[in-house]
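Report on one structure; see the data block that follows.
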There are 8 protein chains.
Amino acid sequence: MDREKVKELLQQVKEQEISVEEAFQSLRGFPYEDLEFAKVDHHRALHKGFPEVIYCPGKTTPQIVEIASRLIQNGADVLATRADYSVFEEFVKEFPEAEYHEMAGAITCFQSQRKREQKGKVVVMAAGTADLNVAEEAALTAELMGSQVVKAYDVGVAGIHRLFDHWEDIKSARAIVAVAGMEGALPSVVGGIAGCPVIAVPTSVGYGASFDGLAPLLTMLNTCASGVAVVNIDNGFGGGYVAALINLGASLEG
Amino acid sequence: MDREKVKELLQQVKEQEISVEEAFQSLRGFPYEDLEFAKVDHHRALHKGFPEVIYCPGKTTPQIVEIASRLIQNGADVLATRADYSVFEEFVKEFPEAEYHEMAGAITCFQSQRKREQKGKVVVMAAGTADLNVAEEAALTAELMGSQVVKAYDVGVAGIHRLFDHWEDIKSARAIVAVAGMEGALPSVVGGIAGCPVIAVPTSVGYGASFDGLAPLLTMLNTCASGVAVVNIDNGFGGGYVAALINLGASLEG
Amino acid sequence: MDREKVKELLQQVKEQEISVEEAFQSLRGFPYEDLEFAKVDHHRALHKGFPEVIYCPGKTTPQIVEIASRLIQNGADVLATRADYSVFEEFVKEFPEAEYHEMAGAITCFQSQRKREQKGKVVVMAAGTADLNVAEEAALTAELMGSQVVKAYDVGVAGIHRLFDHWEDIKSARAIVAVAGMEGALPSVVGGIAGCPVIAVPTSVGYGASFDGLAPLLTMLNTCASGVAVVNIDNGFGGGYVAALINLGASLEG
Amino acid sequence: MDREKVKELLQQVKEQEISVEEAFQSLRGFPYEDLEFAKVDHHRALHKGFPEVIYCPGKTTPQIVEIASRLIQNGADVLATRADYSVFEEFVKEFPEAEYHEMAGAITCFQSQRKREQKGKVVVMAAGTADLNVAEEAALTAELMGSQVVKAYDVGVAGIHRLFDHWEDIKSARAIVAVAGMEGALPSVVGGIAGCPVIAVPTSVGYGASFDGLAPLLTMLNTCASGVAVVNIDNGFGGGYVAALINLGASLEG
Amino acid sequence: MDREKVKELLQQVKEQEISVEEAFQSLRGFPYEDLEFAKVDHHRALHKGFPEVIYCPGKTTPQIVEIASRLIQNGADVLATRADYSVFEEFVKEFPEAEYHEMAGAITCFQSQRKREQKGKVVVMAAGTADLNVAEEAALTAELMGSQVVKAYDVGVAGIHRLFDHWEDIKSARAIVAVAGMEGALPSVVGGIAGCPVIAVPTSVGYGASFDGLAPLLTMLNTCASGVAVVNIDNGFGGGYVAALINLGASLEG
Amino acid sequence: MDREKVKELLQQVKEQEISVEEAFQSLRGFPYEDLEFAKVDHHRALHKGFPEVIYCPGKTTPQIVEIASRLIQNGADVLATRADYSVFEEFVKEFPEAEYHEMAGAITCFQSQRKREQKGKVVVMAAGTADLNVAEEAALTAELMGSQVVKAYDVGVAGIHRLFDHWEDIKSARAIVAVAGMEGALPSVVGGIAGCPVIAVPTSVGYGASFDGLAPLLTMLNTCASGVAVVNIDNGFGGGYVAALINLGASLEG
Amino acid sequence: MDREKVKELLQQVKEQEISVEEAFQSLRGFPYEDLEFAKVDHHRALHKGFPEVIYCPGKTTPQIVEIASRLIQNGADVLATRADYSVFEEFVKEFPEAEYHEMAGAITCFQSQRKREQKGKVVVMAAGTADLNVAEEAALTAELMGSQVVKAYDVGVAGIHRLFDHWEDIKSARAIVAVAGMEGALPSVVGGIAGCPVIAVPTSVGYGASFDGLAPLLTMLNTCASGVAVVNIDNGFGGGYVAALINLGASLEG
Amino acid sequence: MDREKVKELLQQVKEQEISVEEAFQSLRGFPYEDLEFAKVDHHRALHKGFPEVIYCPGKTTPQIVEIASRLIQNGADVLATRADYSVFEEFVKEFPEAEYHEMAGAITCFQSQRKREQKGKVVVMAAGTADLNVAEEAALTAELMGSQVVKAYDVGVAGIHRLFDHWEDIKSARAIVAVAGMEGALPSVVGGIAGCPVIAVPTSVGYGASFDGLAPLLTMLNTCASGVAVVNIDNGFGGGYVAALINLGASLEG
């Protein structure tokens, strides 16, 4: 423990086991180790039990499995996002308790005895069926972080009345994730109704002048509804993560 | 009548009043004159009494007045768009019957005896108060082309309930012009409800990632509502013109 | 029927079968159901017999077939756009009356006894042979919605004279769909001639500085011809849909 | 009160003062009025005492004053953003209790007896001195919504050590607003340290390849730090609003 | 010959072999045929013997072969650009005299007895070896149109001295095609030396911030050398065509 | 004369008037002087009498006058582009023979005795009245370089028939400059008719999705007409320069 | 001095003037102060005597003067970039020793006794006269940092021979700053010749498709010359700074 | 040796072995050969022993092997970048001493007796594991050019403390290459700490609004840290090359 190491060092100086100069030299490199433990410690306090996340694209299956191994050995729960089923097939050989979440395209591997209470309420909304992968990634992330998640899918603004079936959930949510491709108008409409923060997730679903998600991204950034903030295109994980932080802040801090 | 002129020419050849060579020379230039009159004639049939339009930006006041003069002498009604009041002050000296439409930023000058019947129903909707200039240009254009116009302003999607106060108008419209800046989601929502075509007009109202109207333009092009088509940013005239054509087609052709 | 349900509820109040409080609770959720039936009803009135549309990209063949099943059981006609032939092969096993439209890349499945009258006139123009898929999607859509469709293909502006062979059709059309890739100038030229609205459809046909259809999209948005509105890149369905709405408005409402 | 109106209507039916048909006609328009009151009511519950906001650009001073009048007469507190001092000069003639916040470029006008408790903790960070206007708008917004605000300015990543002077505040914040122009890296660095959500606000401060804030906007959207969401360029109000919602959710709901 | 056909028609009227009505019917379609022959005639004068061009991408091999058939039956020479070798294999079965130009990726099929004189001088320069396909397409096009072509490859500006080995050719050229990807600076340097027009062809060769040829395109459009004009990215055919027109104008018209 | 200087140097070595070492030192700097004279010489041959051009933006009036002075003292004719009238007022004090060309926004100052013959034929076409400044700059440039110029203005494609009034000029041109803003379709249409090269000049005339001339620029680069090449947005000088080079090559070289 | 403070603290522990716990508490905040002094110290070693820089845009004159005051009181030399002359007029009242550099648009204020030796060789090249402001800012920056600067202006690639007059300087430079607008090809050409690193500075000089400097920026990033790196558009200071670091590294470290 | 050749030529003139005319003819081509040798000579002086580089994409394996052959026969060392292993398999048949560097995706082939001393210190930093290929290309390039390279990988700003473990290396580096995708903030943070130039390499690692590396590219260009310059997206070679030039300038010139 670093704090202990510092105190020990000071003790050694006090007891004159080492010179002031030697202590000074030892302390030169210290701040960043301190930074390290501070961060860890801080995370301990606030994030206790959050899973560690592996973003799979651009990593080979052996790399993914190895990173997971190291984390699991340290007692962490693991969430691997954007993982093909073929990755899971290798993964599960090593960790039989791992699960594959097909729609979210994610692998989870949790220490079996651990059971996280689902608190608060995060509503994950998706405009179209083609947005579901991103929405499921958001929902899974928020759940794994300890949030109760309610899903409201296929509620795009072109059929605005369907949105209203979810009136009660929108009103009682502590955070909403609104996922939409095409024109991306869902967060604007939801943001005009909801009382809690809305995290907008544009998707690359669309064609032509969608320009791979640029269109809904700009829509969401330009929303005239207050209370909406945006994450990167297709970033379901990011949307779920922020929403869960908001939800848990509300739940834990009270 | 040119068709007649051609037949007459052929008759003259037949009757040997002119030589084959002379007839050939006369026919050389004919197609394009024919094209010319065809177009005029065609317009007569369909567009009878439409005003001629002068787009003012980039023209000096004397140029605008002179173009208007030529048109008015030919019996045309005139609509001058994006005209400053200072243009109107010069304009009205020459044509005392001219009127200035402040919100639309337009001058009209109509032959006094003419009175156009207002037919059908065009609904002009605007999302925010800052979009009103563009909406008014659309409304004025549609009116001058003989459409009955109903205005529904300040109905942006962030307060979606205000939109529903206009339910009856949306249902009974023959064409709708939906004007919106910021995220530009209005046409998507209206397009999901309306049964008639919706002409979407993005505006440059907004800031930051609006990029001068690019954001609502992309939103509108990517709408998942069927029945929506888009004109250029801030092009109220274009939106009103297309809507009036649709409205009048429905009214006149029956 | 919802209207009936509301009246019935009021009747029950009147007859004191339920209390005011109970009625109020029942009415709380009502608006959106009302919204629902209003929309359906409205569509009934105007859109009677329009096919339901399934946009295939991003859906698996089983999903497409299942969605179609549900619609067909409800008596709907179905149009599935951007469908590969392999989708059709599965589709036709389930619905032997289905047809594949190769150039449009679409499947249709119509209740056999139904025969829609082809009214009015929609002209679908395409600038080049590479734009035909998009044009055929537009033409098929307009036809299925009950429009008489005339096709004028390979009429790009670089050979402007070919356009004039279609003079009579352009003059008599109630709506025109103008499909073009590359520089996308066709709608400008047609818009200068036609008396009816022109729906411009940019395509991603082209290379280099076409930037996947951005070039013709901007061309069409900036047209100096009045009466032109634009839909998304490659959105033949959207172009045909708007044109059919315009055409039918003109035909039905008279 | 609409709820009352509905109940009254039902009562009248019950007491046979009006017919079922008459009640039905009255109820036709009701859903949206219901939507209206629902929304208002909902806001009352969650947002009690939030100021109403007027976005000033594109509005004339008389328009701004009139909108403010209407709101103030309804008992609302008012926040007018992006207001020049010249606007304030007219404003204060009408409402002597109004205040001008120079750095934020905002006017506030609060009912004198009202005093909002400052709860929780929102940290507003700004990378450079040129970002202060946006940061101040965020801070003022959060404060007016009842948040305790701590400011940490001039903490850009090029002098990363200055950031660490605010270690304690970052650790104890319930929400952080991170404002940055130029390369916009501040939210990434803060997001890697903080345990609460970070709302990133890109600014148009910069030159050349900043492209009016596009550069920091993209930076923030692409952050590899979890827990960061983004609002529009220069949208200090939006950043402060979301952060305050998060902060108050945590404070109020416990 | 159409002119003759018109005169003959008139002669027939004169000689009363056909009625005026019949002649009129024949003339109805005439303007555009006239337009056609005018164009053809004009081309005859200037372009005598130019090959007809088929742009292959997006066409099936049978389509390409059929289009070629029709042209060849009309006595045309044919140039098919961007053709895979697999296209050629089918092509040559039908037209054994066809040739495949591998580097240019083009098929030519010329009437055997025809032999075009190579006049004037077109210099085709390419900055890097990866630009050769585009350069060869330009060179082949110019050659087929009757230009003497000199090639100067691998003369990019990063080794500016290599450019000077071609000093004499640059000085004596009547038109230069300068092909370059990456930063696309070659036309600027050549344009500063040459006395004839330089047709710049940007290529999509490059990576990263080349953005598929956007970088060299912008470079070339912004050249501060006079006498440079630009065609589309990778448009070797277009560059060769314009250069040949310039070269032949100079050669033929004197 | 440098060639002579080199020979003289060699002669001096031969006659032993200077040492080999001295000659070598003299030759060290020679290549670039040689390059210099080569270029000058080359220009002499081809460009005899072309004016020198000063691009005025970003230069102060004194700078412009001084640069002109130096050129005029060397016997050059001068063309100063994009010059305000205020620049001309100072200019003409120094050079009373200077002329101001208002529409082109240019100053010319020619040695009085010089009179350039107007050869060949360059047609300068402009789509709209707002494009005239750019077109006039092109026309003036081509004229000053010794080309006969024919102007055809206000021939935009939305009124395609007006274009055909210029049929004869288009057919007989040796080079065409086609200037257009908005959708920029003019060069495509002209390029489909003309037999000579067409130099397309996009202008920044337009609004909304014109994006300061990006729209017509892309249109022109993507033209499906052969024989079209493009210069920078608003670059009338560049368009006129290339067209004149083409025209004169055809005229001079024969 | 922080090092001293740490040592003193350790001394106090050693001498038991404070407890280990007290020392630990004092050290908690220390790392960042340590970071601070480390950085300062590091700068001392390498950057001794570098001026402090104030970027003026977006700061009021009083703010600039106050920041300068604080720096000058600490003994620093000051460089204020992008300063109007009006700023200088106020500045010089406070600091009479300040100088204004008109072309660079910069103010310098140096402690009078200090005289920096000009070491090594930085060549600052500019393509056109309109690029001189940026080039001068680069040159001034490099000079103030202790570099000998050689300027080579008006050496754009369209007159490539002028570049070669600077052959010797290019060959002997330790770092080159190449400033160019328009097509921005200068760094590519120079990078192909030079043996030292070339820092490319794009400028916003240009028009049309320059898009405010995007064109030369992309050109420079895509250079096929090795040894070229790029700074932001118009960032003369940045270019000069990097070049000076390179030059001084070479000079100091040997 | 060319200098000798010139002198010899002059000697021959002097000794009348050749005529003045013959000498002149020989000298005509000389400048560019001189340019050539000058460049070569210059490179000899500064770059002695640098490998020749082959950029493999767009070249066939036989082409790559042949280019390598020619270079190796001339005694050069060869570095082939972006080479697949399949290229290496052919390569090594011809040159058994060749080595494949898997992470860098590069082939090296060095003359066996040659051993380059590793001088100075270049630190290559990479933000994420997905950036390693680019970083390894940079490191390999710098090493081959004779630089001692220290690698610091996985030091992205979201875990800023990890960066500080490399404090000593950053402080003692003569040049730093900072490779980062996603938001690309690493160079800003490093640039604020380092005393030497930082060459920033954006990578296309990322998704959504990364737009293939545009996001980190803009971030790096907009850095507010002095001393940072940028190369093209994914251009590890370019980054390593510039850094090595800087490092060696510092090492060699002293």
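Lettering of chains follows the sequences in order, A, B, ..., and the numbering in each one begins at 1. Atoms considered below: every heavy atom in the structure, side chains included; atoms not considered: hydrogens, waters and symmetry mates.
Counting only distance, with no hydrogens or angles, the side chain of H/E183 and the backbone of D/C224 share a donor-acceptor pair below 3.5 Å. A donor-acceptor contact shorter than 3.5 Å links the side chain of H/N222 to the backbone of D/S210.
Of the two parts of H/F211, only the side chain, counted from C-beta on, holds a non-hydrogen atom closer than 4.5 Å to a non-hydrogen atom of chain D.
Within a 6.0 Å radius of CG in D/D212, no more than 12 heavy atoms belonging to other residues, nucleotides or ligands are found.
Taking D/T219, D/L217, D/L221, D/V228 one by one and counting their heavy-atom pairs under 4.5 Å with chain H, the maximum is reached by D/T219.
Counting all heavy atoms, side chain and backbone alike, D/A215 lies closest to H/L218 at CB-CB, 3.7 Å.
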